[in-house]
There are 2 protein chains.
Amino acid sequence: MFKAFCDEKRLRILELLRSGEKCACVLIEQLDMPQSSLSYHMKILCESGIVDSRPEGKWIYYTICEKGGGEAMALLKELLTLEAITEESNCCL
Amino acid sequence: MFKAFCDEKRLRILELLRSGEKCACVLIEQLDMPQSSLSYHMKILCESGIVDSRPEGKWIYYTICEKGGGEAMALLKELLTLEAITEESNCCL
DNA sequence: ATATCATATCAAGTATTTTGGATTTGAGGT
DNA sequence: ACCTCAAATCCAAAATACTTGATATGATAT
């Protein structure tokens, strides 16, 4: 899931999506990347749950997914929070 | 910074650190990885600000860094939060 | 049904990251 | 000073991720 945030292009895509729903053509134009490249990154973003896609007519619209974002936040928080049971298993002293 | 969370080994290191400060020898043993490999990952974790290190005697002790963790959380939150000014720049319709 | 257009997939190349043995560095102890 | 041991660095190999043109898929429209 965190892989979604580990690429410059994907961060820029998220940055663009922060201002609202965008269709693929806008992203391709603004990021100046070939269509296959955008598709590759959108797949990673969608599969990680961070972004939602919505087909409408010929195009696909992308938005940041609140649910997926919440899960990422929760996961990160958990990873960084010390466990309550701090049994100091010291060694090497 | 998010690269810190994009490797299985590093996630396992964080998992171990959640139960409190650990010295390198414990991590090497528990994760069954060569010393050079641990050192490589600890460098990434420390440079990203997620983990703090503290030398004591011959050993180095590692802990999850509250400050760095907070920054990561804040950054992630910002990335995933829609901008207030939702000027719907629709196209392609 | 055929043509068209947007997206997905493929494949082959390039770039980046990770691995782990060997060596170096650096602090501690004698 | 010298020895010892832990951590950092080096380096080459392996693994993983990204790029991109070409092709396939799938939906829409005529």
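Since we're looking at a predicted model, the values are computed, not measured.
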Spacing of B:Arg12 atom CZ relative to C:dT18 atom C1', expressed in whole Å | 15 Å

Expressed in angstrom and rounded to an integer, what is the separation of A:Glu8 atom CD from C:dA15 atom C1'?
-> 15 Å

Between atom CZ in B:Arg54 and atom P in C:dA27, what is the gap in whole Å?
-> 17 Å

Ignoring backbone atoms, test whether A:Ser39 places a side-chain nitrogen or oxygen under 4.0 Å from the OP1 or OP2 oxygen of C:dA8.
-> yes

Whole angstrom value for the distance that separates P of C:dG20 from CG of B:Asp32 | 9 Å

Classify the nucleic acid contact of A:Ile28 as base, sugar-phosphate or nothing, counting any heavy atom under 4.0 Å across all strands shown.
-> nothing

If you find the nucleotide of DNA chain C closest to B:Cys6 and the one closest to A:Ala24, which residue's nucleotide is nearer the 5' end?
-> A:Ala24

In whole angstrom, what separates A:Asp7's CG from C:dA15's C1'?
-> 12 Å

Sidechain-backbone polar pair: B:Arg10 side chain, B:Lys3 backbone, donor-acceptor under 3.5 Å = yes

Output yes when at least one side-chain N/O atom of B:Lys58 is less than 4.0 Å from OP1 or OP2 of D:dA7, else no.
-> no

Gap between atoms CD1 and C1', on A:Ile44 and C:dT9 respectively (whole Å) = 14 Å

Just by modelled atom types, is the A:Pro34 backbone N or O under 3.5 Å from a matching donor or acceptor in the A:Ser37 side chain?
-> no

Has A:Ser36 got a side-chain N or O lying under 4.0 Å from the OP1 or OP2 atom of D:dG21?
-> no

Send over the distance from B:Leu38 CG to C:dT19 C1', rounded to a whole Å.
-> 13 Å

Reckon B:Lys9 has a side-chain N or O less than 4.0 Å from the OP1 or OP2 of C:dT18?
-> no

Short side-chain N/O contact to C:dT9 OP1/OP2 from A:Lys43, under 4.0 Å | yes

Using only heavy-atom distances, decide whether a donor-acceptor pair under 3.5 angstrom links the side-chain of B:Gln35 to the base of D:dA8.
-> yes

With the side chain of B:Lys3 defined as its heavy atoms from C-beta on, choose the nearest nucleotide among C:dT18, D:dC18, C:dT17.
-> C:dT17

Pair A:Arg12 + A:Glu8: basic N to acidic O under 4.0 Å | no

Within the side chain of A:Arg18, is there an N or O that forms a donor-acceptor pair under 3.5 Å with the backbone of B:Glu78?
-> yes

Phosphate OP1/OP2 of C:dT19 contacted by B:His41 side-chain N/O (<4.0 Å) = yes

Separation of D:dT19 atom P from A:Leu31 atom CG, nearest Å, is 11 Å

Consider the side chain of A:Tyr40, meaning its heavy atoms from C-beta on, and name the nucleotide among C:dT7, D:dT19, D:dA7 that approaches it most closely.
-> D:dT19

Selected nucleotide, minimal atom distance to A:Ser37 side chain, candidates C:dT7, D:dT20, D:dC18 | D:dT20

Side-chain donor or acceptor of A:Ser39 paired with backbone N/O of A:Gln35 under 3.5 Å | no

